[in-house]
Structures are given as structure tokens and as C-alpha cells.
Number of protein chains: 2
Amino acid sequence: MVVDQQLSDAEVDRLFHALADATRRDIVRRTLVTEASVSDLARCYAMTFAAVQKHVAVLEEAGLVTKQPRGRERIVRGNPDRIRAAQALLDDYEQLWRVRVERLDALLADDDHPSP
Amino acid sequence: MVVDQQLSDAEVDRLFHALADATRRDIVRRTLVTEASVSDLARCYAMTFAAVQKHVAVLEEAGLVTKQPRGRERIVRGNPDRIRAAQALLDDYEQLWRVRVERLDALLADDDHPSP
DNA sequence: CTAACGTACAACCAAATGGTTGTAGATCAG
DNA sequence: CTGATCTACAACCATTTGGTTGTACGTTAG
């Protein structure tokens, strides 16, 4: 089982911010399936190489992607662990919501036996 | 079972962007457990009422929170469905990653029977 | 060696973000 | 009615963001 990484607020900020852009999400999608160099990726989008380079940097700082040198290229790979970390965070929110549901259930149970 | 909402790129942008701020995440946490007025929330943070109001607006546009008038107050409640929508999106990414794993497995299987 | 390719990085710009203050409209309490 | 409270919204400001262009440097191909 993957250990539930303890991410700081700033890291969580970076993680969700990195996911809040369609181009970056597409880069994550691609590199989860197939590794690609930065210029491979740049050819996929209607923007300059430098712009794509910046998106990859944002993803790398968020931990969603790793960049490994290979000759003159930098090979980009998606990091499934960070995806799972994000899922774990969202799971926590859902668990919190259950508290509300359980409290409402308790209230309804009390209504079955109202005090006079 | 909750239907898998079909979110546009712009909606997903808004969803993750709304989550990319510690104050907003805290508002979501609180309002998932207990409903609260905007000024209830404002008292929790070291910033002006107007700033908190803006954060709530961002969360509302992202669908992570609903705002319901009650007298002069606006009651804020967390929306677990949007949390689940975000989880569903991340699940998709994890599924993509499995494609890579399966392809690697296939490659290894080929290596068991190398051609001469 | 030379030319082409892949990357890194700085400088610049318009637009969006996250905060502030200030004003004004509803609603509630006394 | 009057005053306090809760909200809405505009205007403003500093910083960040997402894009551009341009320059420089290492690596590969011919």
C-alpha cells in the first residue's frame, strides 16, 4: 500500500494549482501513459516551447511529474503517487461530510423519542 | 450511486483552482461538517469580511459550496457531490497510468520469449 | 567542424488573483 | 423609528500567472 504522504499546505496549494489548467492536466494525462521529452510535448499544443516548459516546471514543483535527463532531452513522466495523494486529500473531505450525515441521523433518531 | 457529472474544461479549472488555497479548503472542511453564515466564517480567519466573501464566491462558482439566504444571512454548505466529481477525475488519471503498467507487463512477457 | 536540435533562463507584458477600504441596501433587535 | 448586523459590490493595489521573444549553452547528426 502507498504511504499517505504528509503534504504541507503550500504543497497542497501547488498540487491543486497545477491541476487547475487544462494544458497541464493534458500533459499529466499523456505522461502517465507514455513518457515524452519536453519538445515532444511542446509539439502537441498551440503555444511556444517556453510556455510548455513553464507548465512542465509547475507540474514538477507540484510533484505531479518527474523530469529525467537523457542525452540532450529531458524525459517527462507522470507520477501516479501524487495523483493518489490528491485523492487521499479529497477522501478526507468526504469523511468529514459523513460526520454531518451521522449527526443528522442522530437528530432524526431523537425525534422518534421526543421529550415532553 | 452518484452520476458522474460531465464537467467542461473550464469547470474543472474552477474546481481545482478553488481547492488550491488553504483558506478555501478550510471553508469547505467547515461547511461540510456544519453549515455557517458568511460572517460566521469570516470570524475564523485573519482577513476582512470582504476577503472571505470573495473566497466563498470562488467556491460557489466552482460548485464546491452552496449559498442559501436565511433572513439577512447567507448560509453556506459544502457540496460533497463536487468533491466526488474531483475524485472521479483523479480516478481517470490513475486508470490511464495502469495502461502504462500493463504495457510494461506485456513487454516483460515478451522478454520471456526473446526472438533469436 | 558545423549545423541543427533540445533545453535553460531572463526580460517583458497583459490579465487574473488575493487582499484592502469604502459605500449602500436589507434585515433584525430594542 | 433607530441602531446594529449581515451582505453586496465597486474601486484600488501589489503580486502572481500565463504567455511571449530573445539569448546562450550542451548534445547530436552529417
Side-chain angles (χ1 to χ4, degrees), chain A residues 8-31 34-78, chain B residues 8-31 34-79 86:
Chain A
S8 70
D9 269 6
E11 283 171 320
V12 178
D13 286 1
R14 270 179 257 137
L15 177 52
F16 284 121
H17 173 255
L19 289 169
D21 179 284
T23 302
R24 285 196 292 262
R25 286 193 300 276
D26 199 67
I27 291 175
V28 171
R29 252 179 251 122
R30 286 176 190 275
T31 58
T34 312
E35 61 184 33
S37 72
V38 180
S39 39
D40 285 341
L41 293 170
R43 280 180 220 109
C44 302
Y45 309 103
M47 66 186 76
T48 61
F49 171 83
V52 174
Q53 205 175 20
K54 281 191 185 181
H55 281 307
V56 172
V58 170
L59 290 168
E60 193 183 16
E61 279 165 34
L64 280 164
V65 133
T66 61
K67 214 164 42 170
Q68 182 198 1
R70 182 148 79 197
R72 65 183 165 187
E73 300 183 329
R74 302 301 138 110
I75 302 302
V76 182
R77 289 187 188 82
Chain B
S8 71
D9 268 6
E11 284 171 319
V12 178
D13 285 2
R14 268 179 259 136
L15 177 51
F16 284 121
H17 172 254
L19 289 169
D21 179 283
T23 302
R24 286 196 292 260
R25 285 194 300 275
D26 199 67
I27 291 175
V28 171
R29 254 180 249 122
R30 284 177 192 276
T31 57
T34 312
E35 62 183 34
S37 71
V38 181
S39 38
D40 285 342
L41 293 171
R43 281 179 219 109
C44 302
Y45 308 102
M47 66 185 76
T48 62
F49 172 84
V52 173
Q53 205 175 19
K54 279 191 185 182
H55 282 306
V56 171
V58 169
L59 289 168
E60 192 183 17
E61 279 164 35
L64 281 165
V65 132
T66 61
K67 213 163 42 167
Q68 182 197 1
R70 182 148 79 196
R72 64 183 163 184
E73 300 184 331
R74 302 303 137 111
I75 303 302
V76 182
R77 289 187 188 81
N79 177 14

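Order of the sequence lines fixes the chain letters, A, B, ..., with proteins taken first and strands second; residue numbering starts at 1 for each chain. These values consider heavy atoms only, across backbone and side chains, with no hydrogens, waters or symmetry-generated copies.
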Under-4.0 Å side-chain N/O to phosphate OP1/OP2 contact, [X] with [N]:
{"X": "A/His17", "N": "D/dG18", "result": "yes"}
{"X": "A/Gln53", "N": "C/dC9", "result": "no"}
{"X": "B/Arg43", "N": "D/dT5", "result": "no"}
{"X": "B/Ser39", "N": "D/dT5", "result": "no"}

**OP:** Under the salt bridge (charged side-chain N to carboxylate O under 4.0 Å, His left out) rule, collect the residues that match up with B/Lys67, sequence neighbours excluded.
**Re:**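 Salt bridge (charged side-chain N to carboxylate O under 4.0 Å, His left out) list for B/Lys67, sorted by chain: B/Glu60.
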Subject >> Set of salt bridge (charged side-chain N to carboxylate O under 4.0 Å, His left out) partners for B/Arg77, sequence neighbours left out >> reply: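 B/Glu35.
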For residues 19-30 of chain A, please give each side-chain donor-acceptor pair under 3.5 Å, one per line with the distance, not counting sequence neighbours.
unit_1  : atom_1 : unit_2  : atom_2 : d
A/Asp21 : OD1    : A/Thr23 : N      : 2.9
A/Asp21 : OD1    : A/Arg24 : N      : 3.1
A/Arg24 : NE     : A/Ala18 : O      : 2.9
A/Arg24 : NH1    : A/His55 : ND1    : 3.2
A/Arg24 : NH2    : A/His17 : O      : 3.1
A/Arg25 : NH1    : A/Leu19 : O      : 2.7
A/Arg25 : NH1    : B/Asp13 : OD1    : 2.9
A/Arg25 : NH2    : B/Asp9  : O      : 3.3
A/Arg25 : NH2    : B/Asp13 : OD1    : 2.7
A/Asp26 : OD1    : A/Arg29 : NH1    : 2.9
A/Asp26 : OD2    : A/Arg30 : NE     : 3.0
A/Asp26 : OD2    : A/Tyr45 : OH     : 2.7
A/Arg29 : NH2    : B/Tyr93 : OH     : 3.4
A/Arg30 : NE     : A/Tyr45 : OH     : 3.1

Original post:
Is any side-chain heavy atom of A/Val56 less than 4.5 Å from a side-chain heavy atom of A/Val76?
Top reply: yes
Subject >> Student check: side-chain heavy atoms of B/Glu73 and B/Ile75 closer than 4.5 Å >> reply: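 Contact flag for B/Glu73/B/Ile75 side chains = yes.
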Subject >> A/Ser39 side-chain N/O to A/Ala42 backbone N/O, donor-acceptor pair under 3.5 Å >> reply: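 Such a contact is absent between A/Ser39 side chain and A/Ala42 backbone.
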[X] [atom1] to [N] [atom2]: how many Å, rounded?
{"X": "A/Asp9", "N": "C/dG18", "atom1": "CG", "atom2": "C1'", "value": "16 Å"}
{"X": "B/Leu41", "N": "D/dT5", "atom1": "CG", "atom2": "P", "value": "18 Å"}
{"X": "B/Glu73", "N": "C/dT27", "atom1": "CD", "atom2": "C1'", "value": "10 Å"}
{"X": "A/Leu59", "N": "D/dG18", "atom1": "CG", "atom2": "C1'", "value": "13 Å"}
{"X": "A/Asp13", "N": "C/dG18", "atom1": "CG", "atom2": "C1'", "value": "12 Å"}
{"X": "B/Glu61", "N": "C/dG18", "atom1": "CD", "atom2": "C1'", "value": "14 Å"}
{"X": "B/Arg14", "N": "D/dT17", "atom1": "CZ", "atom2": "P", "value": "20 Å"}
{"X": "B/Asp26", "N": "C/dG18", "atom1": "CG", "atom2": "C1'", "value": "17 Å"}

**OP:** Could you pull out the closest heavy-atom pair between B/Val65 and B/Gly78, with the gap in Å?
**Re:**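 Shortest heavy-atom separation between B/Val65 and B/Gly78 comes out as CG2-CA, 4.0 Å.
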Original post:
Using a cut-off of 4.0 Å between protein heavy atoms and nucleotide atoms, how would you tag nucleotides 19-30 of chain D 5' to 3' with B, S and -?
Top reply: BBB----BBB--
Original post:
Taking five pairs at each end, how big is the angle between the two axes of the helix from C/dC1-D/dG30 to C/dG30-D/dC1, to 10°?
Top reply: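 The angle, to the nearest 10 degrees, is 30°.
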**OP:** Show the numbers, then the answer: is there a side-chain contact (heavy atoms from CB on, under 4.5 Å) between A/Leu41 and A/Val52?
**Re:** CA-CA 7 Å; A/Leu41 293 170; A/Val52 174; 4.1 Å; yes
Subject >> Contacts of type side chain to side chain contact (heavy atoms under 4.5 Å, CB included), residue A/Ala10, not counting sequence neighbours >> reply: A/Ser8, A/Arg14
